[in-house]
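Remarks on the structure that follows.
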Number of protein chains: 2
Amino acid sequence: MKKRIIIVEDNISIREGFRAVLETIEKYEVMNLYSNVEEALEHLDQDLPDIVLMDIELPGMDGIAGTIRIKKLYPDCIVLIITVLEDSEKVFRSLCAGAGGYIVKNSNISEIVQNIDEALAGGAPMSLSIAKMVVQSFQQQQNSPLTERETEVLQSIAEGKSYSKIALDLYVSKETIRSHIKNIYRKLEVSSKADAIKVANSNKWVTGRAL
Amino acid sequence: MKKRIIIVEDNISIREGFRAVLETIEKYEVMNLYSNVEEALEHLDQDLPDIVLMDIELPGMDGIAGTIRIKKLYPDCIVLIITVLEDSEKVFRSLCAGAGGYIVKNSNISEIVQNIDEALAGGAPMSLSIAKMVVQSFQQQQNSPLTERETEVLQSIAEGKSYSKIALDLYVSKETIRSHIKNIYRKLEVSSKADAIKVANSNKWVTGRAL
DNA sequence: ACAAAATCCCCCAAAATGGGTGATTGATTC
DNA sequence: GAATCAATCACCCATTTTGGGGGATTTTGT
């Protein structure tokens, strides 16, 4: 059974380049090429791809939104992101969106085939540099204006705990927690839980994931 | 200037094995070996290591807690995790704790040296398989009992938003949000924001990170 | 046509929140 | 020694939020 592949990429030379490469491989069948996500979505029910090669930067809906849509309609379909620019945040977001891996734009035939086969086998193909990027997105939470205690309190806020619950967990009075929060709000120049979480999160002053 | 290294590893053969390897390298100086984190912490101010090779599984305080302590005291000190077992959750947690990379237990000399040098140069050495593990921890949020809309609402709750704010953001009435939340609580068998977040988070039914 | 999902409404009481203005202790720094 | 900061706690006040209980209607997918 041939593996059905579609390519979503607005740059025609890259698009045709991939097509040319993939058509030399017996086990692949390139169903269609698209220059935007919208068109690709319309034909998904005919193409029924096993693999989607998707660019991130696209006119209209971008590759990340496209990945979300496709995975929603066909959860078993594997979306591989075609990329040159290794933007940490975009890489991270596309993985969260359900991307199955990465293919570097200037790969040679054997690398491309290897990546696709790896994805089909359940792996998560990507270059080491991309993997590092993701990993590093968990670190570098430096330069926080918040004290240790304040960070701890804000972290608890982010976990949805009430002041009373936080007070219990940290073995202090509820008033103490209120004090810390007032200081947090002053330092972050916000005046609500949601805003504090947003600011702290975007600056990576909290871990972001409840552990 | 020689790079100061300490090793924290309870298995004596692995510990001595690494020492033997590292001592053959001119630019490294193995300051001390420890079989637990507590001992290592006591001598940190004398050892002043540039690199700590740390096992995860340790008697007493584990390598993750140890990493957090060390990074708190000496943020510039690089902690490399020595590992065989590639447990997705432990890997993830140790990276969050500030680990700078991974060294596989049965590496050969050149791999070890390469990893350490890479870490010193600011990289994040790790095997591709470990990187994949981290990446995959962002996916597979399947089998949620929550509907799309409910997930969206719960996600907003996790971002610290009030019912009113969520209602505004989703262009619906506050009462609608209340309805969704009642259903969420019923499905997850909880009766508070914090518990709902905890349950959804541990099952990866929400993304965990605000994007 | 049926079920599920999404939307909206009201009532109620308890809890949580945000802002203000304080105070005390201990550690560190100048 | 003075000054600063971190962490702790207190009380007042008004407003908002929350959770639980009743419902109801409309849209959507199968």
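Letters A, B, ... mirror the listed sequences (proteins, then strands); counts begin at 1.
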Expressed in angstrom and rounded to an integer, what is the separation of [X] atom [atom1] from [N] atom [atom2]?
| X | N | atom1 | atom2 | value |
| --- | --- | --- | --- | --- |
| L154(A) | dA6(D) | CG | P | 15 Å |
| L170(B) | dA5(C) | CG | P | 18 Å |
| E189(A) | dG19(C) | CD | P | 13 Å |
| K187(A) | dC5(D) | NZ | C1' | 9 Å |
| L73(A) | dG29(D) | CG | P | 11 Å |
| E175(B) | dT25(D) | CD | P | 16 Å |
| E148(B) | dT7(C) | CD | P | 11 Å |
| K174(A) | dC11(D) | NZ | P | 12 Å |

>> One pair to check against side-chain contact (heavy atoms from CB on, under 4.5 Å): N11(A) and D55(A). What are the steps and the verdict?
In response: CA-CA 9 Å; N11(A) 182 310; D55(A) 194 11; 5.9 Å; no
> Just checking, is any N or O donor in the side chain of S192(A) or Y185(A) under 3.5 Å from an acceptor N or O on the other one?
Replying inline: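 There is no such pair (donor and acceptor under 3.5 Å, judged by atom type) between the side chains of S192(A) and Y185(A).
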> In terms of side-chain heavy atoms, does D117(A) have a donor or acceptor partner in Y28(A) at a distance below 3.5 Å?
Replying inline: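 The answer is yes; a qualifying pair exists.
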Considering just the side-chain nitrogens and oxygens of [X], establish if one lies under 4.0 Å of OP1 or OP2 belonging to [N].
| X | N | answer |
| --- | --- | --- |
| T147(A) | dC5(D) | no |
| S164(A) | dA16(C) | yes |
| S191(A) | dG19(C) | yes |
| Y171(A) | dT8(D) | no |
| Y185(A) | dG18(C) | yes |

> DNA chain C: H180(B) or K193(B), which has the more 5' nearest nucleotide?
Replying inline: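 Upstream on the strand: H180(B).
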> Which sits closer to the 5' end of DNA chain C, R178(B) or V172(B), going by the nucleotide each is nearest to?
Replying inline: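 Here V172(B) is the residue nearer the 5' end.
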> In terms of the nearest nucleotide of DNA chain D, which residue is placed more toward the 5' end: S179(B) or V190(B)?
Replying inline: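 Its nucleotide being nearer the 5' end, the pick is V190(B).
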> With sugar-phosphate meaning primed atoms plus P, OP1 and OP2, does K182(B) contact a base, only sugar-phosphate, or nothing at under 4.0 Å between heavy atoms?
Replying inline: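 Base: the residue K182(B), judged by heavy atoms under 4.0 Å, touches a nucleobase.
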>> Classify T176(B) by what it touches in the nucleic acid, base, sugar-phosphate, or nothing, heavy-atom distance under 4.0 Å.
In response: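 The answer is base, as T176(B) lies within the cut-off (heavy atoms under 4.0 Å) of a base atom.
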> Considering only dA6(C), dC9(C), dA10(D), which nucleotide approaches the side chain of S173(B) most closely?
Replying inline: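 Looking only at side-chain atoms, S173(B) lies closest to dC9(C).
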> Picking from dA6(D), dC10(C), dA6(C), which would you name as closest to the side chain of R149(B)?
Replying inline: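 Nucleotide nearest to R149(B)'s side chain: dA6(C).
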> Taking it one step at a time, do K2(A) and D50(A) satisfy salt bridge (Lys or Arg N to Asp or Glu O under 4.0 Å)?
Replying inline: CA-CA 9 Å; K2(A) 288 191 178 188; D50(A) 297 295; over 6 Å; no
> Could R4(A) and D47(A) be called an ion pair, given the rule that one side-chain N must be under 4.0 Å from one carboxylate O?
Replying inline: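 The answer is no: the pair does not qualify as a salt bridge.
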